[in-house]
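Read the structure below first, then the notes.
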Number of protein chains: 2
Amino acid sequence: MPDTFAQPTLEDVARAAEVSTATVSRFLNTPDQVSPKAREKVAAAVEKLGYTPHFGARAMAAKRTQTIGAIIPTMENAIFARGLQAFQETLNDKGYTLLVSSTAYRPELEAEQIRTLIARGADGLLLIGYERDPAVYNYLHTRRIPYLLAWAHRENAAHTAIGFDNKSAMATLARHVIAQGHRNIGVISGIRLGNDRATDRVAGIHLALAEAGLDPASAPLIEAPYAFESGAAAFSNLMRTSNPPSVVMCINDVLAIGALQSARDLGIKVPQEVSITGFDDIELTTLVTPKLTTVHVPHRTMGSLAAEELIAQIEEKRPGQSCRLDSALRLRDTLAPR
Amino acid sequence: MPDTFAQPTLEDVARAAEVSTATVSRFLNTPDQVSPKAREKVAAAVEKLGYTPHFGARAMAAKRTQTIGAIIPTMENAIFARGLQAFQETLNDKGYTLLVSSTAYRPELEAEQIRTLIARGADGLLLIGYERDPAVYNYLHTRRIPYLLAWAHRENAAHTAIGFDNKSAMATLARHVIAQGHRNIGVISGIRLGNDRATDRVAGIHLALAEAGLDPASAPLIEAPYAFESGAAAFSNLMRTSNPPSVVMCINDVLAIGALQSARDLGIKVPQEVSITGFDDIELTTLVTPKLTTVHVPHRTMGSLAAEELIAQIEEKRPGQSCRLDSALRLRDTLAPR
DNA sequence: GACGAAAATGTAAGCGCTTGCATTTTAGTC
DNA sequence: GACTAAAATGCAAGCGCTTACATTTTCGTC
């Protein structure tokens, strides 16, 4: 008894079209090598049988999968969700499929996830930021896996990256803050260990401080996990000191909005009594009151470009090309001159 | 010259461990069928060579891929991002990998995406809601693809689904609203065409209205795309009528928050002059002022359960089991008695 | 120590596809 | 029509793995 649920194979199509399997395969992959007559017959057979090539077989024989893997901290973070969505859309347009894995903010999981996605046949990989064990990069190079870093960009870095320069973007905002007369600048950072975006952003603030002749080391800084509440807690700690800052610069919008909430709860007026700034320009920034001053980052553009670049790398077998995207200040209502 | 970048194969491992390829394969798949001594040798060889099984070969020989596909409207929507994240985490824990595709809110793309993911070897599929072309369900059944619907649940429905009952959840909220004395209820719905979640939620409101002896047809309703601005526009249209509603029930939080913004812009006090309600309980609801009254839905739990259920379906080759999750009212500050 | 059953291992046949090479067909030229 | 180069097609060898079946080893019993 024939298995009614078995999928038609290349051979079935070949038989129906009265050609060899090679011709069918060519029809699928390099149609211009097939005569119009044969093309027609094969097309009809494919249509009639509802044939879809078997992915595994194809992967094995052709050694590529048209699949690209991405490893991000979490999709729940809007900035990753947005970029990843654009990445996926572009991938899809180009005939690639997205394999997703997340570290849930435990960077030590990344190495294993990379292996998993590679084992799953990913033709290329999208990773977040620069910071990871050299052994991981080593593995990637040894196995000749095309990869691309996103959400970050450093001049003359050793790895191909597409993103924005966290340090200089934040420095630009910090210079503006200083130009507004602020001298006592509090900082709420994300956890910097293993997170170069956070590290670079703090470094940007410190750079601007130093340029202005201020001592970076004397700027109070609190590290807080990525959550509204921890931003709120950090803020209240900063404000509770004997010499509270006149502005609190947060490494991202989520922490900044937490700070804003906290300010409201504590009855501290923003921006009259204290200014607050963020980074990322998530949708929320214009929904809170007062609207948050922050740095806009083109996440969707980045995701799309990343997809295009990665595919180009894979298909043209060429080395990666980094790309630096511009960020822009969004001066809204939470920053006032001192 | 040997290809230095070639991956070690099963055969290489077998040679290094001085056993047959079958033993290595068993070590990988059913280790208890291998003697401790052999197990040790193979483990050492795997370690030494840095062996990873080839996905395609495995897929071809074993006819499964340990890969599960999910098709969602967009990851940019927090409610999908959250559920999908949990889904992915659970999948990962169980040794499965997630393949993601999105329709970008064009349901007509779904059928093709389903085919793509199946062709990519997905062992099972996670889909959103019930509403789709019968031909799609037909295809799924013909090919015997395990699938699971999420973000929705209807009693005695023909398909396995894990989610909450949108209709009764919204009806519960609507009954509460009516109990607060509201009689003139405006509705801002998402686009209902092809979206059973939106359809059911509106139906829930209408049900409660009818129960209370009010005419559902006379309740003003505006459909608006999923975006803050369209919620805002819809709200201002509703309020501009000669007999503006005393409460505006929105089908989701995004529309509700848009409405809230609009109310503020128009100088209409919430909840004193008009009440507003949402649905989903996204993080934002407690960050806006006043805090939004809405319906909480356990997205993360749903995602995890969906992963478990789908894997069970696949591995135990059993029919799917639907599961209805409870939603809960979150009575906050945007709803006041009339 | 011999025996049989159970456990462990090995052998080898595919799984469905791509592709190098060989062969046939087609088209162009004299 | 004969001849040649180019285009189209076919043949068949893998790709790396799983697994049915055959064979060998181990172990408990008498």
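A, B, ... follow the sequence lines: proteins, then strands. Residue 1 opens every chain.
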> Among B:Thr65, B:Thr52, B:Thr97, which residue meets the side chain to side chain donor-acceptor pair (under 3.5 Å) test with A:Arg120?
Replying inline: B:Thr97
>> Counting only heavy atoms from other residues, nucleotides and ligands, does the tally under 6.0 Å from CD of B:Glu108 exceed 12?
In response: yes
>> Students often get this wrong, so: under 4.0 angstrom with heavy atoms, is B:Ala38 touching a base, only sugar-phosphate, or nothing?
In response: sugar-phosphate
> Bend across the helix from C:dG1-D:dC30 to C:dC30-D:dG1, to 10°, with axes taken over 5 pairs at each end?
Replying inline: 30°
>> Can you confirm whether B:Arg300 sits close enough to B:Gln85 that some side-chain heavy atom of one is under 4.5 Å from a side-chain heavy atom of the other?
In response: yes
>> Would A:Val19 and A:Val24 count as a side-chain contact (heavy atoms from CB on, under 4.5 Å) here? Give the steps.
In response: CA-CA 7 Å; A:Val19 297; A:Val24 179; 3.8 Å; yes
>> Parallel, tilted or perpendicular, judged at 30° and 60°: which one describes the rings of A:Tyr147 and A:His141?
In response: tilted
> Are OP1 or OP2 of C:dG16 and a side-chain N or O of A:Thr9 less than 4.0 angstrom apart?
Replying inline: no
> Do the side-chain N or O atoms of B:Thr23 get closer than 4.0 angstrom to the phosphate oxygens (OP1, OP2) of C:dG10?
Replying inline: yes
>> Of the options C:dA12, D:dC17, C:dT18, whose atoms approach the side-chain atoms of B:Thr21 most closely?
In response: C:dA12
> Atom CE of B:Met60 and atom P of C:dG14: how far apart are they, to the nearest Å?
Replying inline: 14 Å
> Which of residues 39-46 of chain A sit near DNA chain D, with a heavy atom under 4.0 Å from it?
Replying inline: none
> Whole Å only: how far is the NZ atom of B:Lys63 from the P atom of D:dT19?
Replying inline: 10 Å
> Looking at C:dG20, does its base get a donor-acceptor pair with the side chain of A:Arg26 below 3.5 Å?
Replying inline: yes
>> Please tell me if B:Ser35 has a side-chain N or O lying less than 4.0 Å from either OP1 or OP2 of C:dA8.
In response: no
>> Taking the minimum atom-to-atom distance to the side chain of B:Tyr51, which one of C:dG16, D:dT18, D:dC17 wins?
In response: D:dC17
> When the distance from NE2 of B:His54 to P of C:dC15 is rounded to whole Å, what number comes out?
Replying inline: 18 Å
> Within this structure, what is the CG-to-C1' distance between B:Leu10 and C:dC15, rounded to whole angstrom?
Replying inline: 15 Å
>> Go through it in stages, so that I can follow the logic: the residues are B:His153 and B:Tyr130, the test is ring pair (Phe, Tyr, Trp, His ring centres under 6.0 Å), and I'd like the CA-CA distance, side-chain angles, deciding distance and then a yes or no.
In response: CA-CA 8 Å; B:His153 180 93; B:Tyr130 289 93; 7.6 Å; no
> Just wondering, more than 12 heavy atoms not from A:Glu40 lying within 6.0 Å of its CD?
Replying inline: no
> A:Gln33 has an atom CD; how far is it from atom P of C:dT26, in whole Å?
Replying inline: 18 Å
> What is the distance from CZ of A:Arg64 to C1' of C:dG16, rounded to the nearest Å?
Replying inline: 15 Å
> Within 45° of the six-membered ring axis of B:Tyr139 and under 6.0 Å from that ring's centre, is NZ or CZ of B:Arg115 located there?
Replying inline: yes
>> Is there a side chain to side chain donor-acceptor pair (under 3.5 Å) between A:Glu89 and B:Ser102? Walk through the geometry before answering.
In response: CA-CA 7 Å; A:Glu89 287 172 17; B:Ser102 68; 4.6 Å; no
> For B:Glu110, which residues count as a side-chain contact (heavy atoms from CB on, under 4.5 Å) partner, sequence neighbours excluded?
Replying inline: B:Ile71, B:Thr103, B:Ile114, B:Leu127, B:Arg132
>> I want to confirm an ordering. Mapping B:Val34 and A:Leu28 to their closest nucleotides on DNA chain C, which one lands closer to the 5' end?
In response: B:Val34
>> Could you tell me how far apart A:Asp12 (CG) and C:dG16 (P) are, to the nearest whole angstrom?
In response: 9 Å
> Side chain of B:Ala61: nearest nucleotide among D:dG14, D:dG10, C:dC15?
Replying inline: C:dC15
> Within this structure, what is the CZ-to-P distance between A:Phe55 and C:dG16, rounded to whole angstrom?
Replying inline: 16 Å
>> Looking only at the side chain of A:Ala57 (C-beta and beyond, no hydrogens), which of the listed nucleotides D:dC17, C:dG16, C:dT18 gets closest?
In response: C:dG16
